[in-house]
2 protein chains.
Amino acid sequence: MSTIVVNPHITDAEWEVMRVVWANIRVTSKEVISTLEEKMDWNQATTKTLLGRLVEKGALNTEQEGRKYIYSANIEEKEAVRSFTNDIFDRICRKNVGNVIESIIKDHTLSFDDIQRLEEILEMKKAFAVEEVDCQCAEGQCDCHLHHHGE
Amino acid sequence: MSTIVVNPHITDAEWEVMRVVWANIRVTSKEVISTLEEKMDWNQATTKTLLGRLVEKGALNTEQEGRKYIYSANIEEKEAVRSFTNDIFDRICRKNVGNVIESIIKDHTLSFDDIQRLEEILEMKKAFAVEEVDCQCAEGQCDCHLHHHGE
DNA sequence: CATTTACGTTTACACATGTAAACAATAAGG
DNA sequence: CCTTATTGTTTACATGTGTAAACGTAAATG
């Protein structure tokens, strides 16, 4: 059926719809509408439009069930989040990735388990760590080019 | 001069311009134009438009210098990045913040210094860690509500 | 001084996005 | 069976965004 969807861009409003689908796995438009009527104060027509657009761009699947559709996600939340996070890291110098992660950690509440898990990951990352991360910025968009081998 | 700019939304295209300004601190339109002509293959008019929009929304300052302007950033890169990253974490369940950080770390190259710094931060975070992070999702947008005290 | 150049400002225009009304078709109820 | 409610599809429309041409004016150059 239709071509493979590589990575449709999901907008803010559409994301609200996706969250409902991800959380419930299989939903009717009615359920999505009522959830977002409450949370977002959206008119039902708005949610209908968004469902339509998401189906159109391949983010949602539909199965006919009598007169209605059952909507289900065609892309995983994890994937969608990943492509979103990658956008950030494409906006900054690679050398700063560590700083940004640092600031994210500082800004958020973590559980003991989270911390332990992250410590383990970091331990493993040591095997692949580099002395200095490569700046991949274009000339003129980053000052690494000027003073990178300080020390 | 003008009202305080809280947090202008910077689009993808505008971000390219900001990076040039951030990297160079004080630039003329000519420098921005030539950098982006190369990297983005943009017509000079395109860069001019973006510079204008950024000034308009308060992200850039201008100082007259003879006939030209000197552009400088009015918002820090760090702040801009932070507001961008926060957008992500507003799209997911708080309980998953740790997982997302995990996946970010896995996906990127870090230096030994980065890792050590992150380890220190994590160590400090232990003092503020919680047993379980609070889900703040709206009903229907997250399945924590269903099976959160598994164990 | 007349012409070309440089640079900021205006206008343009297609497509994306948020938000929704109008419409069509079918199912459900009286 | 006719009316109403339900649910998907079309159409709508303002604002945002990417991309740029046109314009106005001052500066540089011949």
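Each chain gets a letter, A, B and so on, in the order the sequences are listed, and its residues count up from 1.
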So, Trp42(B) side chain and Thr35(B) main chain: donor-acceptor pair closer than 3.5 Å or not? no
Whole-Å distance, Gln44(A) CD to dA21(C) P, equals 9 Å
Besides Met124(A), the hydrophobic cluster formed by Ile, Leu, Val, Met, Phe, Trp and Tyr side chains linked at under 4.5 Å, directly or via other members, contains none
Rounded to whole Å, the CD-P distance (Glu65(A) to dT7(D)) equals 12 Å
Notebook entry, point to check: Any side-chain heavy atom of Thr47(A) within less than 4.5 Å of one from Gln44(A)?
Noted result: no
Here the distance between atom P of dG18(C) and atom CG of Leu51(A), to the nearest Å, is 14 Å
In numerical order, the residues of residues 29-41 of chain A whose heavy atoms come under 4.0 Å of DNA chain D are Ser29(A), Lys30(A)
Ordered by number, residues from residues 84-91 of chain B within less than 4.0 Å of DNA chain C (heavy atoms) are none
Gln64(B) atom CD is separated from dT25(D) atom C1', nearest whole Å, by 13 Å
- Answer with yes or no whether the side chains of Glu31(B) and Thr28(B) bring together a donor and an acceptor at under 3.5 Å. yes
*asked:* Starting from Ile75(B), can I reach Leu51(B) by hopping between I/L/V/M/F/W/Y residues whose side chains sit under 4.5 Å apart?
replied: yes
In whole angstroms, the gap separating P of dA16(C) from CD1 of Ile10(A) amounts to 16 Å
Going by atom type alone, with no hydrogens or angles, which donor-acceptor pairs under 3.5 Å involve a side-chain atom of residues 11-18 of chain B and a protein atom two or more places apart or on another chain?
from, atom 1, to, atom 2, distance (Å)
Thr11(B), OG1, Glu14(B), N, 3.3
Asp12(B), OD1, Arg91(A), NH2, 2.5
Glu14(B), OE1, Thr11(B), N, 3.0
Glu14(B), OE1, Lys57(B), NZ, 2.8
Glu14(B), OE2, Lys57(B), NZ, 3.0
Trp15(B), NE1, Arg91(A), O, 3.0
Glu16(B), OE1, Gln141(A), NE2, 2.8
Glu16(B), OE1, Lys39(B), NZ, 2.9

Separation of dG8(C) atom P from Leu60(B) atom CG, nearest Å, is 12 Å
| message | Salt bridge check, Lys95(B) against Glu132(B): does any charged N sit closer than 4.0 Å to a carboxylate O? | response | yes
**Prompt:** Is there a side-chain contact between Ser29(B) and Tyr71(B), using heavy atoms and a 4.5 Å cut-off?
**Reply:** yes
Report, one line per pair, each donor and acceptor closer than 3.5 Å where one atom sits in a side chain of residues 98-113 of chain B; sequence neighbours left out.
from, atom 1, to, atom 2, distance (Å)
Glu102(B), OE1, Arg117(A), NH1, 2.4
Glu102(B), OE2, Lys106(B), NZ, 3.0
Asp107(B), OD1, Arg82(A), NH1, 2.9
Asp107(B), OD2, Arg82(A), NH1, 2.6
Ser111(B), OG, Asp113(B), N, 3.4
Ser111(B), OG, Asp114(B), N, 3.0
Ser111(B), OG, Asp114(B), OD2, 3.2

From CE of Met18(A) across to P of dT17(C) the rounded distance in Å is 15 Å
Given protein heavy atoms under 4.0 Å, the one-letter contact record of nucleotides 9-18 of chain D, with B base, S sugar-phosphate only and - none, is simply B--B----SB
For the residue pair Leu122(B) and Leu122(A), establish whether any side-chain heavy-atom pair is separated by less than 4.5 Å. yes
